[in-house]
Asks: 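Sharing a structure, written as structure tokens. Questions coming.
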There are 2 protein chains.
Amino acid sequence: MASFNVPDIVVGRLPVYLRVLNYLLAEGRQITSSQELGDRLGISSAQIRKDLSHFGEFGKQGTGYDVLFLRDQLKQILNVDREWKAILIGAGDLGNALAHYQRFADNGFDMLAVFDNDPDKIGKPLGRYTVKSIDDLESFITENQIEMALIAVPAAAAREVAARLIDCGVKALLSYAPITLAVPQGVRVQYIDPVTRLQHMAYYIGSGDK
Amino acid sequence: MASFNVPDIVVGRLPVYLRVLNYLLAEGRQITSSQELGDRLGISSAQIRKDLSHFGEFGKQGTGYDVLFLRDQLKQILNVDREWKAILIGAGDLGNALAHYQRFADNGFDMLAVFDNDPDKIGKPLGRYTVKSIDDLESFITENQIEMALIAVPAAAAREVAARLIDCGVKALLSYAPITLAVPQGVRVQYIDPVTRLQHMAYYIGSGDK
DNA sequence: TAGATTGTTAATCGATTAACAATC
DNA sequence: TAGATTGTTAATCGATTAACAATC
């Protein structure tokens with residue numbers, strides 16, 4: 001797992017490589033090539049080989065890559081060859097969808113609890129959870145050594161929630177709130193905002209000449 | 001709106017600029033600067049000025065930018081100074097959350113219908129919609145001149161759904177299915193996969209030395 | 001005017017691509 | 001062996017940053 005200064009954009013592609021390898025595995029494929037992976041992902045084979053070269057040598061000349069081996073190597077590199085403990089803040093419609101999303105558990109992200117500040121929701125069942133009070137956020141994180149959190153609260157509440165999470169030592173935030181968060185060194189944030197994505201595409205399909 | 005070959009990465013930042021300008025507007029601010037915008041977004045003021053310079057001159061030396069004016073210019077540039085007609089495919093938990101998401105309408109994305117292939121769901125209410133049969137997809141798109149679609153179906157169904165949408169002339173797809181879609185020239189796709197985002201962050205917070 | 005901030009240039013930095021020797 | 005594909009190098013391409021003249 002030799003690596004020190006791999007470009008973030010390369011790291012961001014690894015999960016997609018991992019995903020396609022999992023599909024290949026499910027299809028019963030044993031061997032693949034940078035060419036095939038590139039074709040499936042719409043990128044060049046050169047980019048895939050270059051990206052992988054940051055971490056080591058995983059293939060065989062003339063043959064390609066062992067799907068299972070490369071898959072497992074990528075899992076190691078990404079640190080997803082183990083379980084991660086996460087929580088979800090926000091039990092609205094989006095929180096409900098995330099609480100039911102099977103792929104988190106399937107990929108080793110163990111969602112341990114769901115929090116909300118609405119008295120009408122606290123104590124009620126939500127999927128396999130019982131919604132907890134946001135008042136219990138700090139104690140729960142500390143006691144369970146939570147490392148990641150999904151933020152699915154309104155934009156107006158997101159900054160305070162993020163601050164509290166970070167105060168308790170949560171190191172990765174995935175925020176669905178449409179707001180940019182300032183976080184200290186050592187804490188990672190990723191954003192999911194479908195509206196900005198639609199706007200991005202609107203630029204191109206807008207007037208035909210772009 | 002002079003522009004021909006603006007880097008995609010620049011286009012992708014404009015919606016975020018637009019978002020922060022809307023917040024400034026809501027706060028009653030009339031003037032801002034590239035410095036302030038950069039501070040709010042965690043990027044350099046130089047990058048903001050450079051990005052905007054692809055499209056024209058929007059500020060005044062010594063003063064900065066008129067918030068309302070720049071906001072409206074960005075809306076024009078992104079082609080979001082008008083309504084866009086969209087549909088949603090998939091009425092599961094995620095589809096339910098998206099059907100209720102107010103920010104689409106707030107930002108000019110008019111969701112006209114929700115489709116599913118499950119007989120138990122078809123005809124049932126979902127937010128302000130009544131779930132339509134996927135059998136009616138083609139006729140609905142054609143009759144209503146749908147331009148965008150949100151895909152919230154299982155991965156196994158996503159390729160076929162995308163193909164049908166594209167066949168009917170839909171030009172922008174926002175897919176929540178964890179699979180890469182091959183689309184023809186002129187069609188845009190964006191993906192939202194929270195699992196890849198968590199995996200991306202896991203890389204950094206994994207072992208402390210990255 | 002003095003102070004501030006833009007828009008732009010040039011330099012730096014970083015990522016992608018093409019090509020090919022190595023080698024399975 | 002002949003054919004195929006990797007890993008890597010060097011060249012190209014593209015993005016970001018720093019700096020500053022222009023100017024409000």
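Here is how names work: the chains are called A, B, and so on, in the same order as the sequence lines, proteins then strands, and each is numbered from 1. What you see below is based on every heavy atom in this structure, not just the backbone, and it leaves out hydrogens, waters and symmetry mates.
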Asks: Using the salt bridge (charged side-chain N to carboxylate O under 4.0 Å, His left out) rule, take B:Asp110 and B:Lys85 through it: C-alpha gap first, then chi angles, then the decisive distance, then the call.
Replies: CA-CA 5 Å; B:Asp110 194 10; B:Lys85 289 192 277 190; over 6 Å; no
Asks: Output, in order, the C-alpha distance, side-chain angles, deciding distance and verdict of salt bridge (charged side-chain N to carboxylate O under 4.0 Å, His left out) for A:Asp66 and A:Arg71.
Replies: CA-CA 8 Å; A:Asp66 183 283; A:Arg71 196 275 303 257; over 6 Å; no
Asks: Taking all atoms of both residues into account, what is the closest heavy-atom pair of B:Phe104 and B:Met111, and its distance?
Replies: CD1-CE, 3.8 Å
Asks: Going 5' to 3' along DNA chain D, which are the first and last nucleotides with any atom under 4.0 Å from a heavy atom of chain A?
Replies: D:dA4 to D:dT9
Asks: Can you list the residues that meet the ring-ring contact (aromatic ring centres under 6.0 Å, His included) rule with A:Tyr17, with sequence neighbours excluded?
Replies: none
Asks: Sort and list the pairs that fulfil ring pair (Phe, Tyr, Trp, His ring centres under 6.0 Å) and have at least one residue in residues 27-51 of chain B, not counting sequence neighbours.
Replies: none
Asks: Residues two or more places apart in sequence or in another chain: which of them pass side chain to side chain contact (heavy atoms under 4.5 Å, CB included) with B:Lys132?
Replies: B:Ala113, B:Phe115, B:Phe140
Asks: Using the closest heavy atom to pick a nucleotide of DNA chain C for each, name whichever of A:Gly62 or A:Arg13 lands nearer the 5' end.
Replies: A:Arg13
Asks: Which heavy atom of B:Pro7 sits nearest a heavy atom of B:His54, and at what distance?
Replies: CD-NE2, 3.8 Å
Asks: Please list, by residue number, the residues of residues 28-46 of chain B whose heavy atoms come closer than 4.0 Å to an atom of DNA chain C; answer none if no residue qualifies.
Replies: B:Ser33, B:Ser34
Asks: Step by step, work out the salt bridge (charged side-chain N to carboxylate O under 4.0 Å, His left out) result for B:Asp8 and B:Arg188.
Replies: CA-CA 12 Å; B:Asp8 183 64; B:Arg188 315 291 306 189; 3.7 Å; yes
Asks: How sharply is the helix from C:dG3-D:dC24 to C:dC24-D:dG3 bent, taking the axes over five pairs at either end and rounding to 10 degrees?
Replies: 20°
Asks: Would one find more than 12 heavy atoms of other residues, nucleotides or ligands at under 6.0 Å from atom CD of A:Glu138?
Replies: yes
Asks: Indicate yes or no for a side-chain donor-acceptor contact from B:Arg159 to the backbone of B:Leu181 under 3.5 Å, with no hydrogens or angles considered.
Replies: no
